[in-house]
Undergrad: 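Questions regarding the structure given below will be posed in turn.
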Amino acid sequence: QSPPKPKDEL
Amino acid sequence: MNIFRLAGDMTHLASVLVLLLKIHTIKSCAGISLKTQELFAIVFASRYLDIFTDFISLYNTLMKLIFLGSSFSIVWYIRRHKLVRRSYDKDQDTFRHYFLLLPCFILALLINEKFTFKEVMWTFSLYLEAVAILPQLVLLQRTKNIDNLTGQYVFLLGAYRGLYILNWIYRYFTEPHYVHWIPWISGLVQTLLYADFFYYYFESWKNNKKLQLPA
């Protein structure tokens, strides 16, 4: 499974 | 944060500063596509809906505020400032940008990672950013004398995209489970759109000639 997507990019 | 990501953000920031510098000091937006600038404002507004709900870092929040503020003030300058708007090449900047909005939105409704409002808007912003440069590239092709600041602006934007791809490659090999197809493919498409411009940019730089794109 994939972890929650980190929206840490701009 | 890795060096590619930081360098990418910094070239992105530099591109915005170069454009604001041109508009603010020379009071001219000659060669700049309002269509592209409006699309970028929509890109940031739809992508940063999480700005007040998800805190990542001070850096992240500040950069989001800078990109939102700068993109809307550039649009304001070109539309409302009485000197700047006079320099706007309205007759050359004819790309029908709303033709890009609807397909990107439909694509975001169809292809997304999660069907929620925020997620669809975020995906829409990625698709739209990928093609938002098109009106600007068309305008460049029509401009006989591309001034240095405009050339540097587009160069810095392209560099930002290229560096983001290096950042993704780096993160793919250093972080577990780091796979994000939607930003990767749209980012790759976006970077490829700059390939032609880059070719002529380096040619003009190598031969020490003024930048001119073939019509």
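The figures that follow rest on heavy atoms only: side chains count, while hydrogens, waters and symmetry mates do not. Proteins get letters first, then strands, A, B, ... in listed order; numbering begins at 1 in each. Bear in mind the structure is a predicted one, so any value in this text is a computation, not a measurement.
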Undergrad: Between B:His12 and B:Tyr164, does the ring centroid distance fall short of 6.0 Å?
TA: no
Undergrad: Using a strict threshold of under 4.0 Å (side-chain N to carboxylate O), is an ion pair present between B:Lys22 and B:Asp147?
TA: yes
Undergrad: Please classify the contact of B:Asp50 with chain A as side chain, backbone, both or neither, using a heavy-atom distance under 4.5 Å.
TA: side chain
Undergrad: Check whether B:Asp9 gets within reach of chain A through its side chain, its backbone, both or neither, counting any heavy atom under 4.5 Å.
TA: side chain
Undergrad: Is a salt bridge present between B:Arg47 and A:Glu9, judged by a nitrogen-to-oxygen distance below 4.0 Å?
TA: no
Undergrad: Contact part of B:Tyr48 toward chain A, heavy-atom cut-off under 4.5 Å: side chain, backbone, both or neither?
TA: side chain
Undergrad: Taking the six-membered ring for Trp, are B:Phe198 and B:Tyr194 parallel (under 30°), tilted (30 to 60°) or perpendicular (over 60°)?
TA: tilted
Undergrad: Let's test your reading of the structure: which of B:Arg5, B:Met1, B:Met63 forms the most heavy-atom pairs below 4.5 Å with chain A?
TA: B:Arg5
